[in-house]
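For the numbers below, each heavy atom of this structure counts, side chains included, while hydrogens, waters and symmetry mates do not. Remember, predicted model here, so these are calculated numbers, not experimental data.
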Amino acid sequence: MEEKELEDIKKDKKVQRALSENSTSVQKESAVVLKKEAPWLGITAILFLIFGAIYFLLGWERLPISSIYIPLAQKIVMAAMLISLVLSATKLLKKIINRKIEDKTTVFNFDRIANLFASLLILGIILSLLFANWYAAMVSFGIVSLILGFALQNPITSFFGWLYILIRKPYEVGDRIRIGNVYGDIINVSYIDTTLWEFNGDYLSGDHPSGRIIRFANSKVFSEYIYNYSWPLFPFIWNEMSLFVSYESDFKFVSDTVKRIVETEIGEAMVRRVKRFKIILKDTPVDELDVNEYPSVILRAHNNTWVEVMVRYLVEPKNSGRVKKKLFEVVMEELKKHPEKVMFPNANIQ
């Protein structure tokens with residue numbers, strides 16, 4: 001049963017993608033894809049060299065063409081070279097994106113955008129043939145592009161941020177993240193911005209939704225740290241709950257009681273899940289020996305005359321607030337049943 005459930009986890013597309021990015025074994029998928037595309041890339045390179053040779057032969061007047069038509073022929077050959085480069089680069093880029101993205105709608109939208117950009121570049125190349133001075137036309141086109149680039153700097157950067165999100169996947173819809181000072185669950189990723197459902201907002205201290213949505217430009221991924229709480233290979237976070245007891249308490253009894261209660265509340269099902277993901281982590285650089293599926297209790301002297309009892313445990317990110325509240329209630333209820341062994345700080349103890 002354990003082996004079957006482990007195999008089911010490994011079949012998940014997100015887990016497979018994360019393993020391919022983090023596996024310590026050598027990945028051969030890119031080499032295989034490149035090998036499949038090698039004939040097409042070779043043909044494109046040969047055509048480019050042929051066009052280049054024709055261009056220089058025209059310049060040296062080695063071809064049987066009237067000198068009147070040589071400038072026009074050179075422009076046509078140069079345009080053919082540039083158009084072949086644009087088409088090749090577009091096809092290669094679309095191949096890479098299609099391999100990285102599983103969502104068919106996103107792939108379709110990206111293909112449309114790539115075709116639009118390629119069409120605009122080809123149109124610019126063809127229009128340059130209408131100018132008497134080809135170099136001046138390209139310079140003019142470059143100046144116009146530079147002006148538009150400055151005017152649309154933020155939207156363009158956000159668009160490239162969207163491409164980065166699609167390819168590298170620092171986050172995707174459904175993930176819980178922190179970016180800058182913003183916390184929340186991703187609910188939409190568009191061409192220009194990302195929308196998240198905020199939690200732990202200005203008026204809250206726990207992991208609870210604030211009721212607000214936040215939109216930020218995709219360009220933020222280039223300038224901010226992104227904390228993702230939803231890594232497919234280990235979808236848990238360590239959480240801590242602490243309470244204070246006096247020095248007169250029975251520390252062993254407190255530690256054993258807290259650990260037993262937390263283990264019971266967390267449940268064996270959670271422990272088994274963590275064990276399965278520990279097996280998956282063996283294929284990554286993460287040291288799975290540091291991943292303890294069972295809760296641990298730490299005693300620490302406080303600045304006052306108290307001892308802090310801290311229990312550390314693994315929990316799913318979106319359940320951390322609810323689980324912490326439940327654990328605190330159950331632990332305190334049990335400890336209060338043994339006042340002879342557990343003494344809490346009070347106003348008379350300074």
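Applying the ring pair (Phe, Tyr, Trp, His ring centres under 6.0 Å) rule to Phe234 yields the partners Phe236, Trp238; only residues at least two apart in sequence or on another chain are considered. With sequence neighbours excluded, the residues that form a side-chain hydrogen bond (donor to acceptor under 3.5 Å, both in side chains) with Thr195 are Arg215. Residues satisfying the side-chain hydrogen bond (donor to acceptor under 3.5 Å, both in side chains) test with Ser320, not counting sequence neighbours, are Asp207. Taking Tyr227 as the reference, nothing meets the ring pair (Phe, Tyr, Trp, His ring centres under 6.0 Å) condition, with sequence neighbours excluded. For Phe328, there are no ring pair (Phe, Tyr, Trp, His ring centres under 6.0 Å) partners, not counting sequence neighbours. Residues that satisfy the salt bridge (charged side-chain N to carboxylate O under 4.0 Å, His left out) test with Glu340, not counting sequence neighbours, are absent from this structure. Every residue meeting the salt bridge (charged side-chain N to carboxylate O under 4.0 Å, His left out) condition with Lys326, not counting sequence neighbours, appears here in chain and number order: Glu265. For Lys341, the salt bridge (charged side-chain N to carboxylate O under 4.0 Å, His left out) criterion is met by no residue, not counting sequence neighbours. Residues meeting the side-chain hydrogen bond (donor to acceptor under 3.5 Å, both in side chains) test with Arg178, sequence neighbours left out: none.
Using modelled atom types and a 3.5 Å distance limit, the side chains of Tyr171 and Thr194 yield a donor-acceptor pair.
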List, one per line, each side-chain donor-acceptor pair under 3.5 Å for residues 293-300, sequence neighbours excluded.
unit_1 : atom_1 : unit_2 : atom_2 : d
Glu293 : OE1    : Lys278 : NZ     : 3.2
Arg300 : NE     : Glu308 : OE1    : 3.4
Arg300 : NH2    : Glu308 : OE1    : 3.0

Give every donor-acceptor pair under 3.5 Å between a side-chain atom in residues 249-260 and any protein atom, sequence neighbours left out.
unit_1 : atom_1 : unit_2 : atom_2 : d
Ser249 : OG     : Ser246 : O      : 3.2
Ser249 : OG     : Met343 : N      : 2.9
Ser249 : OG     : Met343 : O      : 3.1
Asp250 : OD1    : Lys252 : N      : 3.3
Asp250 : OD1    : Phe253 : N      : 3.2
Lys252 : NZ     : Asp256 : OD2    : 2.8
Ser255 : OG     : Phe251 : O      : 3.0
Thr257 : OG1    : Phe253 : O      : 2.7

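Grouped with Ile213 in one hydrophobic cluster are Ile187, Trp197, the linkage being side-chain heavy-atom contacts under 4.5 Å among Ile, Leu, Val, Met, Phe, Trp and Tyr residues.
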